[in-house]
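Here the structure is a predicted model, which means the values were calculated and not measured. Counting starts at 1 for both ligands and their atoms, in listed order.
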Amino acid sequence: MASGEGFPTSVAVVEEDAFTLSQIVRALRDVHSVTPYNSLGEFLVARPPDAFRHIVILGPSQAREAVLGDVSELVRAEPGTGALLVVAAPDATVLRLALRAGLDDAVPLERIGEDLLSAVDELDARLRAAVIEPSSVPAPVAEVTRGRVVSVFSPKGGVGRSVVAVNLAVSFASKTRRKVVLIDADPQFGDVSVMLRLSPAHTFVDAAAAGDRLDPTLLESLLTHDSRTGVYVLAAPTDPTTPAKITAKSVSVVLEVLRAMGALVVVDTPRVLDDVVVQFLSESDDIVYVVGMDIPSVKNARLGLQVLELVQIPLQRVLLVLNRADSRVQLSPRDVEKVLEMKLDVSLPSDALVPKSVNRGAPAVLEHSRFAGQIHEMADLLLSRASAEASS
Ligand SMILES: Nc1ncnc2c1ncn2[C@@H]1O[C@H](COP(=O)(O)OP(=O)(O)O)[C@@H](O)[C@H]1O
Ligand SMILES: [Mg+2]
């Protein structure tokens with residue numbers, strides 16, 4: 001280690017160009033253990049969740065406003081994270097952007113051999129001084145934060161529930177240290193495993209079969225871990241003839257165990273409003289209500305909201321999300337708000353990346369795009385609701 005004792009600081013280098021990436025990694029290799037990434041999204045998702053300090057070194061290809069904006073948010077939100085920029089050539093505009101983004105230093109590419117190591121060590125020392133080592137933090141009294149449940153719902157199929165649920169869970173996993181569990185509750189079209197390219201060994205049916213014997217250890221063993229995104233999946237039953245085994249009671253038991261574990265739970269629901277789905281929705285802290293940009297979607301959405309009121313689910317829990325909000329149709333987002341008598345909370349753009357990502361089995365939120373940015377915003381909104389409610 002270059003500086004100090006204890007917990008090592010993780011060092012990540014983000015650069016698109018393979019040669020430049022290897023040059024930067026080489027400049028630090030003998031002193032720090034460095035992980036290379038091709039994009040910031042890749043880093044955000046894959047970074048070690050329990051490392052106490054992170055240093056992010058952005059290569060010349062990353063000197064873009066969108067990337068710097070995200071890094072700026074990251075260093076502001078996490079006092080243990082600092083960032084440096086390697087610039088192709090010293091350029092006043094780039095340096096100003098970097099400073100405004102809260103980056104600590106900028107090193108010209110031609111000087112990395114001489115200057116990068118000392119810049120990293122200086123930043124490491126600053127982070128060490130600013131952050132209390134975990135060993136000196138008093139152990140928390142045995143009080144685990146209660147889990148939280150977010151259901152993604154729409155009374156119409158094909159509007160993007162599964163896409164939203166998967167990407168939201170991946171975004172949560174990149175933003176919090178809580179365990180993120182994605183439940184695929186669609187017994188007929190369990191798309192979650194396909195969208196994450198997982199082959200689950202167990203499903204919700206196994207959890208339901210355990211009845212009251214279900215406890216955190218047993219439930220843990222039924223989850224499928226997606227190491228790429230950090231998300232844990234409770235998969236949908238693979239045999240469409242067995243959904244009857246999932247009962248409203250088993251939903252309650254599963255959610256209670258996950259809450260006791262302090263998990264952040266995202267549920268991808270089927271569109272039928274049967275007693276199983278009503279149970280999920282009644283027990284959810286937030287309902288991400290996805291509406292598409294076509295007349296049947298909006299009409300069904302209005303009916304769906306009336307049903308929620310009928311089964312006494314408070315509409316304050318609803319987060320109204322317009323998917324493919326920029327689709328060229330006769331409707332406008334204003335029209336949708338008028339018909340639903342609710343303000344839209346989030347609008348997701350239509351993006352060709354989305355179907356491609358579904359086919360590749362790699363969630364779209366892993367890469368930079370406007371769609372990804374809006375998903376992250378939705379995640380932030382839900383996390384801030386959660387912390388506001390926790391502290392009230
Ligand atoms: N914002 C978007 N931009 C482009 N395509 C989308 C978007 N959201 C969803 N899709 C596509 O729409 C289809 C249906 O999405 P899906 O999440 O499976 O819907 P649901 O779960 O509501 O039935 C998928 O093929 C997906 O790729
Ligand atoms: Mg679906």
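Considering both main-chain and side-chain atoms, Gly160 comes within under 3.5 Å of ligand 1 through a nitrogen or oxygen pair. Looking at ligand 1, you'll find an N or O of Pro349 within less than 3.5 Å of one of its N or O atoms. Checked against a 3.5 angstrom limit, the closest N/O atoms of Phe371 and ligand 1 fall outside it. Looking at ligand 1, you won't find any N or O of Lys156 less than 3.5 Å from one of its N or O atoms. Polar contact check, Asp268 against ligand 1: no nitrogen or oxygen pair lies under 3.5 Å apart.
Looking at Glu367 and Ser39, their side chains never bring a donor and an acceptor atom within 3.5 Å of each other. With 3.5 Å as the limit, one finds no donor-acceptor pair spanning the side chains of Asp121 and Ser118. A donor atom on one side chain and an acceptor atom on the other are found under 3.5 Å apart for Asp294 and Ser297. When only modelled atom types and interatomic distance are considered, Asp268 and Ser162 share a side-chain donor-acceptor pair under 3.5 Å. Side-chain atoms of Thr9 and Asp124 include a donor-acceptor pair closer than 3.5 Å.
Within ligand 1, counting atoms from 1 as listed, the ones closer than 4.0 Å to a heavy atom of Val358 are 27 (O). Near Ser350, meaning under 4.0 Å from one of its heavy atoms, ligand 1 places the atoms 1 (N), 3 (N), 4 (C).
Closest protein heavy atom to atom 24 (C) of ligand 1: Val163 CG2, 4.6 Å. Here the protein heavy atom with the shortest distance to atom 3 (N) of ligand 1 is Asp351 N, 2.9 Å. Considering only non-hydrogen protein atoms, atom 12 (O) of ligand 1 sits nearest to Arg324 NH1, 4.0 Å. Shortest contact from atom 6 (C) of ligand 1 to any protein heavy atom: Val354 CG1, 3.5 Å. Summary of contacts: the protein heavy atom closest to atom 23 (O) of ligand 1 is Gly158 N, 2.8 Å. If you check which protein heavy atom lies closest to atom 27 (O) of ligand 1, you get Pro355 CA, 3.3 Å.
Among the candidates Val321, Val318, Leu322, Val159, the single residue satisfying the side-chain contact (heavy atoms from CB on, under 4.5 Å) test with Tyr289 is Val318. Between Asp285 and the choices Arg259, Arg317, Arg146, Arg385, the salt bridge (Lys or Arg N to Asp or Glu O under 4.0 Å) rule is met once, by Arg259.
Ionic pairing of Arg64 and Glu16 is present here: one or more N-O contacts between side-chain nitrogen and carboxylate oxygen are shorter than 4.0 angstrom.
Ligand 1 has no atom lying under 4.0 Å from any heavy atom of Ser154. Distances shorter than 4.0 angstrom occur between a heavy atom of Asn323 and an atom of ligand 1.
When heavy-atom distances to ligand 1 are checked against a 4.0 Å cut-off, Leu348 has no atom that comes that close, whether in backbone or side chain.
Less than 4.0 angstrom separates atom 9 (C) of ligand 1 from at least one non-hydrogen atom of the protein. The presence of a protein heavy atom under 4.0 Å from atom 14 (C) of ligand 1 is confirmed.
Checking side-chain atoms of Gln374 against main-chain N and O of Ser347 turns up a donor-acceptor pair under 3.5 Å. A distance-only check finds a donor-acceptor pair linking the side chain of Ser154 to the backbone of Val290 [under 3.5 Å].
Other residues, nucleotides and ligands place more than 12 heavy atoms under 6.0 Å from the CZ atom of Arg228.
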